[in-house]
Peer 1: 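Take a look at this one; I'll ask things after.
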Amino acid sequence: MKTITVRYFAMFREHAGVDEESLTLDVSTAGDVFEHTKSRHGSSEPSGHCKVAINDEMADWSSPIADGDTVLLFPPVAGG
Amino acid sequence: MKTITVRYFAMFREHAGVDEESLTLDVSTAGDVFEHTKSRHGSSEPSGHCKVAINDEMADWSSPIADGDTVLLFPPVAGG
Amino acid sequence: MIRMTTNPIDPDALRREMFDPAAGGYCAFEGWVRNENEGHTVRQLEYEAYDPLAITEGELILAEAADRFPHLQAHCVHRTGLLEIGDCAVWVGVASAHRDEAFRACRYIIDQLKHRLPIWKKEHYSDGNSGWVNCERCAEHAHG
Amino acid sequence: MIRMTTNPIDPDALRREMFDPAAGGYCAFEGWVRNENEGHTVRQLEYEAYDPLAITEGELILAEAADRFPHLQAHCVHRTGLLEIGDCAVWVGVASAHRDEAFRACRYIIDQLKHRLPIWKKEHYSDGNSGWVNCERCAEHAHG
């Protein structure tokens, strides 16, 4: 089990109802965190359209998660 | 013989030493006028790089010249 | 340099900072809030960004553009918060010796920014609904 | 619309005229007088134009751009007379619903303007010489 901070942005924040939360989860990758929060908050956006960052660095869904990490979940971006 | 007005621009004006002149020439096309003024003023720019207009409309070197026409001789352009 | 701001963008002031005596061409792009998107009448746009990573990723994009289309100056500013129709949401400026690099670098920067920066856009429609742009599933959710 | 002027170009004022509530993208290009050309240090540039035909041909180019890359607004201003380093010699602005047409139309307009408008450019160099740009034979003549 790892204790991580998950930060939500835009639509994900609206779904979660909070900016961030601390979770203790049995996860190995960023993708695992995403799947967990999806079921937790009822989101259904496919991960392929979303992005993830770990401790303020862009990451992949296969990136490993360590205890104490902050995972940032980004719904589909739309700058400009 | 046709009496025409020839107007010179940029480098051609410098070569001719005048903005325009009235010439009475044995010419049938705009190209003939160009050749005549080249030898007259010592210019050597090839016509392929230059443009010509007749009575304020863009024309070709093969365009026919009528008595009373105004022929505008444009050296290579460089706008922008 | 890329900058995120909640204040109105001043394209003329930004343009003046691009001056370089070796520059022969200057290309600028601005994204404006328009009154319509995919059949909806838009009233306002709300931009949210995660600034730290938007800046990191933006600097990376500017470096890539400098590498691919060498130029003298490139700069970008993106606004966040609540924007009205006609407001400038993003500005990109590139000054270069010749125009080709200015156009290509400017285009590269805006195209990449739109796909890579952690920025989100919520449209507020005239019918009172709203929706996050580019979210397939959340659109249904938001339009409810 | 295309305009020829002997006065300084005001890109910010021109930009403001491009506003359209349906516009989501705005692309502008400016040609600036730079301090160097083909190894010569340039001190000033002198632009000469034959305005009546520059305007006729310019309007034709704008119509072609509107046909190929449909947009909302396009406008162009070209300056003539004696210009200093950093002066804006030409400005092109295009506002469009989406950015692709804005970039493409803007590029088309400036590319065509440079090749088709009866405008000539004489460079004054730091060594006191001068030369007409793009004239192969006259360059020798002028540098004499």
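Proteins come first, then strands; the chains are lettered A, B, ... in the order of their sequence lines, and each starts at number 1.
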Peer 1: Among A97(D), C27(D), P21(D), which has the most heavy-atom pairs under 4.5 Å with chain C?
Peer 2: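 Looking at each of A97(D), C27(D), P21(D) in turn, P21(D) comes out on top.
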Peer 1: Between D100(C) and chain D, with a heavy-atom cut-off of 4.5 Å, which part of the residue counts as in contact: side chain, backbone, both or neither?
Peer 2: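 Looking at D100(C), backbone and side chain both touch chain D.
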Peer 1: So which of G31(D), G25(D), A22(D) has the biggest tally of heavy-atom pairs under 4.5 Å with chain C?
Peer 2: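 Among the listed options, the one with the most contacts to chain C is A22(D).
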Peer 1: Is it the side chain or the backbone of E30(C) that comes within 4.5 Å of chain D heavy atoms, both, or neither?
Peer 2: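 E30(C) touches chain D through backbone and side-chain heavy atoms alike.
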Peer 1: Determine the option with the most heavy-atom pairs under 4.5 angstrom with chain D, choosing from I85(C), V92(C), D111(C).
Peer 2: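 The residue among I85(C), V92(C), D111(C) with the greatest pair count is D111(C).
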Peer 1: Please classify the contact between A89(D) and chain C as side chain, backbone, both or neither, with a heavy-atom cut-off of under 4.5 Å.
Peer 2: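 The answer is neither part of A89(D).
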Peer 1: Ring centroid separation for W32(D) and Y26(C), is it under 6.0 angstrom?
Peer 2: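 Ring-ring flag for W32(D)/Y26(C): true, centres closer than 6.0 Å.
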Peer 1: Is it true that atom CD of E38(D) has more than 12 heavy atoms of other residues, nucleotides or ligands lying nearer than 6.0 Å?
Peer 2: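 Not buried by this count: 12 neighbours or fewer within 6.0 Å.
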Peer 1: Suppose we call two aromatic rings close when their centres sit under 6.0 Å apart. Are H75(C) and W91(C) close by that rule?
Peer 2: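 Here the rings of W91(C) and H75(C) have centres that are less than 6.0 Å from each other.
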Peer 1: Do the charged groups of R15(D) and D12(C) touch, with an N to O distance under 4.0 Å?
Peer 2: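 Between D12(C) and R15(D) there is no salt bridge, as every charged N stays at least 4.0 Å from the carboxylate O atoms.
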Peer 1: Flag the pair F29(D) / F103(C) as yes when their ring centroid distance falls below 6.0 Å, and as no otherwise.
Peer 2: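 Judged by ring-centre distance (under 6.0 Å), F29(D) and F103(C) do meet the cut-off.
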